[in-house]
Amino acid sequence: SRTQNEGHPKWFVLGVGQVIKGLDIAMMNMCPGEKRKVTIPPSLAYGQQGYAQGKIPPNATLIFEIELYAVNKGPRSVEAFNQIDKDGDKKLSELEISQYLKEEFARDGKKRHPSAHDEILADIFKKNDHDGDGFISAKEYNVYQHDEL
């Protein structure tokens with residue numbers, strides 16, 4: 001079955017699991033203005049469970065036509081890493097990331113449940129602290145030395 005879904009411009013952070021894995025991979029190294037047509041197998045999309053809200057059936061292969069409008073230096077940039085890494089030891093401690101989240105939350109001024117902070121912190125470590133040492137190294141943080149990013 002084929003469904004056509006007219007896309008609208010969306011902002012998201014690449015490489016942090018905000019979109020399906022296939023898009024994280026497909027959009028690597030794209031430059032502003034570039035267009036790509038990508039076919040994403042179920043294993044890199046919604047897999048066997050599909051995605052009911054998005055009307056995507058189980059085991060669906062997805063085809064995207066992507067046009068990249070703009071790239072901003074995201075929270076995954078070298079600058080951001082150095083900014084969070086207050087003591088400059090090239091790894092991020094729970095305290096450093098906790099501090100950074102507090103500042104970010106204060107900046108956007110949204111009302112959040114106090115537990116949101118701890119949940120996000122725990123999630124960051126779950127997704128990024130691959131060797132489980134309680135720190136997120138520059139490599140684990142996904143710092144890409146790519147000019148356009």
Side-chain angles (χ1 to χ4, degrees), residues 1-85 90-94 96-98 100-101 103-105 107-113 115-149:
S1 75
R2 301 182 75 81
T3 56
Q4 190 73 23
N5 184 350
E6 286 309 316
H8 302 285
K10 287 182 180 51
W11 284 103
F12 55 83
V13 179
L14 269 184
V16 296
Q18 280 191 6
V19 291
I20 55 171
K21 194 140 187 76
L23 278 181
D24 266 346
I25 296 167
M27 294 182 71
M28 265 183 191
N29 305 330
M30 264 184 100
C31 302
E34 188 181 334
K35 292 178 182 175
R36 285 183 183 173
K37 184 171 184 173
V38 296
T39 302
I40 300 177
S43 61
L44 294 174
Y46 296 101
Q48 294 172 344
Q49 61 273 18
Y51 178 59
Q53 293 98 307
K55 298 187 174 55
I56 294 168
N59 299 315
T61 295
L62 306 181
I63 299 169
F64 285 93
E65 290 188 13
I66 305 166
E67 181 176 1
L68 187 62
Y69 292 116
V71 177
N72 284 10
K73 281 251 184 251
R76 291 283 160 154
S77 65
V78 180
E79 293 85 4
F81 184 90
N82 294 337
Q83 207 183 331
I84 302 170
D85 183 20
K90 294 293 171 226
K91 54 186 188 193
L92 306 182
S93 68
E94 210 160 307
E96 286 171 332
I97 293 179
S98 180
Y100 173 74
L101 286 175
E103 290 163 15
E104 284 293 297
F105 286 177
R107 196 172 301 143
D108 77 5
K110 286 188 188 133
K111 287 265 172 277
R112 287 185 179 82
H113 196 273
S115 70
H117 177 96
D118 298 334
E119 283 165 24
I120 292 170
L121 191 61
D123 194 54
I124 288 171
F125 274 87
K126 196 175 85 203
K127 289 198 175 108
N128 297 281
D129 182 15
H130 302 301
D131 61 9
D133 66 353
F135 290 94
I136 295 174
S137 67
K139 193 171 186 306
E140 287 171 328
Y141 184 80
N142 261 349
V143 174
Y144 294 116
Q145 308 280 0
H146 187 275
D147 295 338
E148 280 93 5
L149 286 183

TODO: Considering non-hydrogen atoms only, spot the tightest contact between A60 and A45 and give its length.
DONE: O-CB, 4.4 Å
Open item on the list: Please check this pair: side chain of E140 against backbone of D131, looking for a donor-acceptor N/O pair closer than 3.5 Å.
Closed with: yes
Task: Whether over 12 other heavy atoms sit under 6.0 Å from Q49 CD - done: yes
- [ ] Give, for atom CD1 of I56 and atom CD1 of I20, the distance between the pair rounded to the nearest 0.5 Å.
- [x] 7.0 Å
Open item on the list: side chain to side chain contact (heavy atoms under 4.5 Å, CB included) for N82 and K90? Distances and angles first, verdict last.
Closed with: CA-CA 8 Å; N82 294 337; K90 294 293 171 226; 3.5 Å; yes
TODO: Can you measure from CE (M30) to CD (E67) and round to the nearest 0.5 angstrom?
DONE: 8.0 Å
Task: Closest contact, heavy atoms only, L121 versus S98 - done: CD1-N, 3.8 Å
TODO: Please determine if D24 and K21 form a salt bridge, counting it only when a charged side-chain N lies under 4.0 Å from a carboxylate O.
DONE: no
- [ ] Indicate the atoms forming the closest heavy-atom contact of F125 with L92, along with that distance.
- [x] CZ-O, 4.1 Å
Task: For D118, all residues meeting side chain to side chain donor-acceptor pair (under 3.5 Å), sequence neighbours excluded - done: none
Open item on the list: I'd like to know if the side chain of D85 reaches the main chain of F81, judged simply by a donor and an acceptor atom lying under 3.5 Å from each other, with no hydrogens or angles considered.
Closed with: no
Open item on the list: Restricting to side chain to side chain contact (heavy atoms under 4.5 Å, CB included), what partner residues turn up for P58, sequence neighbours left out?
Closed with: none
TODO: For residues Y100 and I124, determine if any side-chain heavy atom of one lies less than 4.5 Å from a side-chain heavy atom of the other.
DONE: no
Open item on the list: So which atom in T61 and which in P42 form the shortest heavy-atom distance, rounded to 0.1 Å?
Closed with: OG1-CD, 3.5 Å
Task: D129 side, atom CG; I97 side, atom CD1 - distance, nearest 0.5 Å - done: 9.0 Å
TODO: Using side chain to side chain donor-acceptor pair (under 3.5 Å) as the criterion, list what pairs up with E34, not counting sequence neighbours.
DONE: R36
TODO: Kindly indicate, with the supporting measurements, whether the criterion side chain to side chain contact (heavy atoms under 4.5 Å, CB included) is fulfilled by L62 and Y51.
DONE: CA-CA 12 Å; L62 306 181; Y51 178 59; over 6 Å; no
Task: Rounded distance [0.5 Å steps], CG in L68 versus CG in N29 - done: 11.5 Å
Open item on the list: Can you tell me which residue among I25, I66, I63 is in a side chain to side chain contact (heavy atoms under 4.5 Å, CB included) with V38?
Closed with: I66
